Engineer: 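The structure that follows is given in the form of C-alpha cells.
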Amino acid sequence: MSRAIPRTYWVAGTAVLLALLFAAAATVAAANGGSAAPAPAAPRTPGLHSADAGFARDMAVHHQQAVEMSFIVRDRTQGEAVRTLAYDIANTQANQRGMLLGWLDLWGLPKVVADEPPMSWMGGSAGHGGHAGHGPAKPGALMPGMATKEELEQLGAASGRDAEVLFLQLMTDHHKGGVTMAEGCAQQCGTPVERDLAQGMVDAQRSELTLMADMLKQRGATPRG
C-alpha cells in the first residue's frame, strides 16, 4: 500500500494542476484576443453554499474514503478480480477528487465550511444527515453510504475471501450513496462541466454496482440491506 498511495495522490495533484493551467490559458487567450471579436461573458462563479460548491466539497470527501478502502483491500487479498476493481476505483475517484478540489480553487472557495452540514446543498432532509433516495447516514458515518471507523478497522483486519466480501459490501453501500449525490448535482449544479462529471459518476458507479453484485454472488454473499 505504501508504494501505491503516492501514485494516487500524484494523479489527483495532476488533475488540480491541469485545471489551474486550463484556467490560466483561457485568461491569456482572452487577453490576446484583440478587437477581432468581443470576449464571451465570464461564467458565473458558484457561491459558497451553491450546489456546485457543496457537491464538490462533499464528493471529494466521499471519494477519499473510497480510495482508502480500495488500498486497504489490495493489501488484504490476492484475488485478482477484486484487486483490479479496487485499483480502478482508487485511480478513477482520486482523479475525480482532484478535479473537484481544483474547481474549488478556481472559484476561490474553501474546501471545508465549518457551519455547513453534509448534503445541505441537496435541500430537504439532506441537511440533517438524510439523503434523498438512500436514507440517513448510519451512526458514525459522515454521509450516507460511507463506512464507519469500525468498519474500516474490520476491513483492515480481514483477509482473503472475508476481506473481499466486506469490501464489496462496503463499496456497494458507498456507491449507492455516491450515485444519489451525483444525481443531485446532475439536476441542480449550474456548471455544465460539473454536471457532466456528475452524470458520468452516476453511469459508471451504477455499472460497478451490477459488477459488484455479481462478484458477491460468486462468493456466496449478497449486498447488505
Side-chain angles (χ1 to χ4, degrees), residues 1 3-5 7-8 11 55 58-97 118-119 122 126 129-187 197-225:
M1 181 169 68
R3 294 191 299 271
I5 290 178
R7 178 177 177 179
T8 296
V11 172
F55 173 75
D58 284 344
M59 190 57 87
V61 173
H62 211 267
H63 272 16
Q64 180 59 27
Q65 188 182 76
V67 172
E68 180 183 358
M69 289 195 296
S70 297
F71 280 121
I72 290 175
V73 79
R74 286 190 70 214
D75 282 352
R76 304 307 303 166
T77 181
Q78 294 302 312
E80 193 60 30
V82 171
R83 285 171 59 86
T84 298
L85 174 64
Y87 182 83
D88 290 344
I89 290 174
N91 278 276
T92 297
Q93 297 208 13
N95 193 2
Q96 291 173 347
R97 183 174 184 272
M119 317 309 300
M122 292 187 70
H131 195 309
H134 194 57
K138 57 192 167 187
L142 183 62
M143 284 178 271
M146 292 187 70
T148 64
K149 178 182 177 182
E150 290 73 22
E151 287 172 331
L152 294 177
E153 291 173 349
Q154 290 172 14
L155 181 60
S159 61
R161 176 193 171 278
D162 290 343
E164 293 180 2
V165 168
L166 182 55
F167 169 75
L168 292 168
Q169 290 173 332
L170 291 175
M171 193 59 76
T172 293
D173 291 345
H174 206 272
H175 272 23
K176 287 179 179 177
V179 164
T180 305
M181 193 194 314
E183 286 175 334
C185 178
Q187 297 168 3
L197 176 65
Q199 186 59 53
M201 291 177 186
V202 172
D203 297 339
Q205 293 192 26
R206 280 179 175 166
S207 177
E208 287 176 347
L209 282 169
T210 300
L211 172 62
M212 290 190 290
D214 289 341
M215 294 174 74
L216 281 167
K217 185 177 181 179
Q218 292 167 8
R219 290 159 179 77
T222 59
R224 305 185 306 179

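Since this is a predicted model, take the numbers as computed values, not measurements.
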Engineer: Within the 4.5 Å heavy-atom criterion, are D162 and T77 side-chain neighbours or not?
Structural biologist: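 No - every pair of side-chain heavy atoms lies 4.5 Å or more apart.
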Engineer: With a 3.5 Å cut-off and sequence neighbours excluded, list the donor-acceptor pairs that the side chains of residues 215-225 form with protein atoms.
Structural biologist:
| from | atom 1 | to | atom 2 | distance (Å) |
| --- | --- | --- | --- | --- |
| R219 | NE | E164 | OE1 | 2.6 |
| R219 | NH1 | M215 | O | 2.9 |
| R219 | NH2 | E164 | OE1 | 3.4 |
| R224 | NE | D173 | OD2 | 3.4 |
| R224 | NH1 | E151 | OE2 | 3.3 |
| R224 | NH2 | E151 | OE2 | 3.3 |
| R224 | NH2 | D173 | OD2 | 2.9 |

Engineer: Could you walk me through whether T172 and K176 pass the side-chain contact (heavy atoms from CB on, under 4.5 Å) test, one step at a time?
Structural biologist: CA-CA 6 Å; T172 293; K176 287 179 179 177; 3.8 Å; yes
Engineer: Looking at A66, is its backbone amide N or carbonyl O close enough to the side chain of S70 to form a donor-acceptor pair, meaning the two atoms are under 3.5 Å apart?
Structural biologist: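 Yes, S70 side chain to A66 backbone: donor-acceptor pair under 3.5 Å.
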Engineer: Can you tell me how far apart CD (Q93) and CD (Q65) are? Round to the nearest 0.5 Å.
Structural biologist: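 Answer rounded to 0.5 Å: 10.5 Å.
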Engineer: Counting N and O atoms only, with roles assigned by atom type, does the side chain of D58 sit under 3.5 Å from a partner on the main chain of P118, one being a donor and the other an acceptor?
Structural biologist: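 Judged by distance alone, no pair lies under 3.5 Å.
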Engineer: Any sub-3.5 Å donor-acceptor pair from S207's side-chain atoms to D203's backbone N or O?
Structural biologist: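 Between the backbone of D203 and the side chain of S207 there is no qualifying donor-acceptor contact (under 3.5 Å).
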Engineer: Are M201 and V179 close enough that some pair of their side-chain heavy atoms sits under 4.5 Å apart?
Structural biologist: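 A side-chain contact under 4.5 Å is absent here.
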Engineer: Starting at CD of E153, measure out to OG1 of T148 and round the result to the nearest 0.5 Å.
Structural biologist: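 Interatomic distance, E153 CD to T148 OG1, rounded to 0.5 Å: 8.0 Å.
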Engineer: Any side-chain to backbone donor/acceptor pair from H62 onto P144? Under 3.5 Å, distance only.
Structural biologist: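 Pair found, side chain donor or acceptor close to backbone of P144.
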Engineer: Within the distance-only criterion (no hydrogens, no angle test), does the side chain of Q199 pair as donor or acceptor with the backbone N or O of E183 below 3.5 angstrom?
Structural biologist: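 Flag not set: sc Q199 to bb E183 has no pair under 3.5 Å.
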Engineer: Measure the CE-CZ distance between M59 and R97 for me, rounded to the nearest 0.5 Å.
Structural biologist: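 M59 CE to R97 CZ: 12.5 Å, rounded to 0.5 Å.
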Engineer: Donor-acceptor check, side chain of N95 to backbone of N91, threshold 3.5 angstrom: yes or no?
Structural biologist: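 Here the side-chain-to-backbone pair does not exist.
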